[in-house]
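Notes follow the structure.
This chain uses plain numbering: 1 for the first residue, then up along the sequence.
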Amino acid sequence: MESEFLYDLLQLPKEVAQPTEEELPRGGKKRYLSPNSKRNPKFEQLQKVLMEWINATLLPEHIVVRSLEEDMFDGLILHHLFQKLSSLKLEVEEISLTSASQRRKLGVILEAVNQSLQVEEQQAKWSVETIFNKDLLATLHLLVALAKRFQPDLPLPDNIQVEVIHIESTKMGLKSDKQVEQLTECNSHKDQPSQDAFDELFRLAPEKVHAVKEAIVSFVNQKLEGLGLSVQSLDTQFADGVILLLLIGQLEGFFLHLKEFYLTPSSPTEMLHNVTLALELLKDEGLCSYPINPEDIVNKDTKSTLRILYGLFQKHSLRAVGDRAHHGTPK
């Protein structure tokens, strides 16, 4: 009766095995996928597509995944998958038998994965703890990110949202909260441009990426000089959206009230707000035709950052060249 009352009080589905106050220590937190989300046909299809992709990739090594929730936690399959996809050799033991060694191995693998995906540890939607504890949501976030990076043509079901139940043990008892997380992007794969100039640049001429970045950084610094700002790293300094918003305001003549954005964002949520606002402004001006996920900018994805800056560079740099040519100034 006591547990029945607890579930009714928290308005949680009884079919999810929630912890009692004794099982969850004070200050402890847990999260669960809601039963409705787990039964969603698109959610089930996502797992099926990812499992078939992993099994096809690792077929030469005779590795078979039957459950993403149960088979990925110790790093063994993730180790083989990442090495196969990235062609990188990781210095980890092949088979880890103890929990401590499995965690260490998983830490090495995830560090390499995050570097490859250009995601900082604190911004990643996965961690050693969540993967090792068989957190299906974290595992799916990780596999979707790997698929987008190494197999962009993989037909993942689009616009998958899941309801996540968060439970925290406080001095007043168990507190619950429901949130919605996005697993795959809103736009279906077939609606997205398959390739653009930056895909070609990174794939066919990666040695030229640095020169493109230098040209755009030089352009940005020239435009921000009047504000007393400068950019040294294109890869990191646009992630919080502040310099991006100031640059757009400077170039497009927008006045942004300080109430509209966070001048000193202190969390990923505030950074995401800034970047989303910047993308909306760029779209309104017709400067952002390629679909860009604001989370990619926050996660310091170089290609996505280049895409949004190049729209401004192309418009205002070419306009400056045209003005000089009109006045007879040598190029």
Side-chain angles (χ1 to χ4, degrees), residues 113-125 144-146 148-150 152 182 185 187 192-193 195-225 227 229-252 254 256 261-265 267-318:
V113 167
N114 291 346
Q115 287 179 356
S116 178
L117 297 177
Q118 297 183 328
V119 175
E120 291 195 4
E121 184 179 355
Q122 62 268 29
Q123 294 170 335
K125 295 178 179 178
V144 167
L146 286 170
K148 286 171 61 179
R149 168 69 175 83
F150 294 104
Q182 192 88 23
E185 295 174 356
N187 296 323
Q192 294 182 5
Q195 292 279 306
D196 73 346
F198 286 101
D199 287 316
E200 295 294 320
L201 175 67
F202 275 72
R203 185 169 64 88
L204 300 177
E207 72 281 357
K208 296 182 180 178
V209 172
H210 182 67
V212 174
K213 287 162 68 174
E214 280 192 334
I216 291 179
V217 166
S218 175
F219 160 77
V220 169
N221 284 334
Q222 181 187 358
K223 301 304 178 183
L224 291 178
E225 189 177 4
L227 299 177
L229 299 172
S230 67
V231 171
Q232 280 75 47
S233 172
L234 181 145
D235 295 326
T236 61
Q237 287 184 260
F238 292 92
D240 63 7
V242 176
I243 290 180
L244 182 58
L245 283 169
L246 295 175
L247 178 65
I248 294 170
Q250 188 82 343
L251 293 174
E252 298 297 318
F254 292 136
L256 292 173
F261 69 104
Y262 296 95
L263 188 60
T264 56
S267 69
T269 301
E270 294 179 357
M271 294 163 69
L272 191 62
H273 170 88
N274 286 352
V275 173
T276 301
L277 174 60
L279 289 176
E280 288 172 356
L281 293 174
L282 290 173
K283 286 174 185 174
D284 289 344
E285 294 301 304
L287 296 174
C288 188
S289 57
Y290 193 96
I292 294 174
N293 186 344
E295 289 186 351
D296 290 340
I297 306 298
V298 174
N299 290 332
K300 303 176 184 177
D301 179 74
T302 301
K303 196 187 297 183
S304 296
T305 305
L306 279 172
R307 282 189 177 111
I308 59 173
L309 292 174
Y310 186 72
L312 291 165
F313 173 79
Q314 192 176 34
K315 176 180 178 180
H316 293 278
S317 184
L318 290 179

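Judged as a side chain to side chain contact (heavy atoms under 4.5 Å, CB included), and not counting sequence neighbours, the contacts of Ser267 are Thr269, Glu270. Applying the side chain to side chain contact (heavy atoms under 4.5 Å, CB included) rule to Ser304 yields the partners Ile292, Asp296, Ile297, Asp301, Arg307; only residues at least two apart in sequence or on another chain are considered. Among residues two or more places apart in sequence or in another chain, the side chain to side chain contact (heavy atoms under 4.5 Å, CB included) test is passed with Asn221 by Val217, Ser230, Val231. Glu252 is linked by a side chain to side chain contact (heavy atoms under 4.5 Å, CB included) to Ile248, Phe254, Glu285, Leu287, Leu312, Lys315, His316, counting only residues two or more places apart in sequence or in another chain. The salt bridge (charged side-chain N to carboxylate O under 4.0 Å, His left out) test applied to Lys148 returns Glu185, not counting sequence neighbours.
The heavy-atom pair separating Val242 from Leu263 by the smallest distance is CG2-O, 3.4 Å. The heavy-atom pair separating Asn114 from Ala124 by the smallest distance is OD1-CB, 4.3 Å. The two residues Phe150 and Ser116 make their nearest non-hydrogen contact at CZ-OG, 3.4 Å.
For the pairing with Lys300, the side chain to side chain donor-acceptor pair (under 3.5 Å) check across Gln123, Glu120, Gln237, Gln118 returns one residue only, Glu120.
One distance of note links CG of Asn299 with CG of Leu117; it measures 9.5 Å at 0.5 Å rounding. Considering NZ of Lys303 and OH of Tyr310, their distance stands at 16.0 Å, rounded to 0.5 Å.
Between the side chain of Asn274 and the main chain of Phe261, no donor-acceptor pair closer than 3.5 Å is present.
You'll find the side chain of Leu247 stays beyond 4.5 Å of the side chain of Leu229, heavy atoms only. Taking the side chain as every heavy atom from C-beta outward, Phe238 and Val220 approach each other to under 4.5 Å. Side-chain contact between Leu281 and Leu245 is present, with heavy atoms from C-beta onward closer than 4.5 Å.
The salt bridge (charged side-chain N to carboxylate O under 4.0 Å, His left out) pairs that include a residue from residues 230-246 are Lys213-Asp235, where partners are two or more places apart or lie in different chains.
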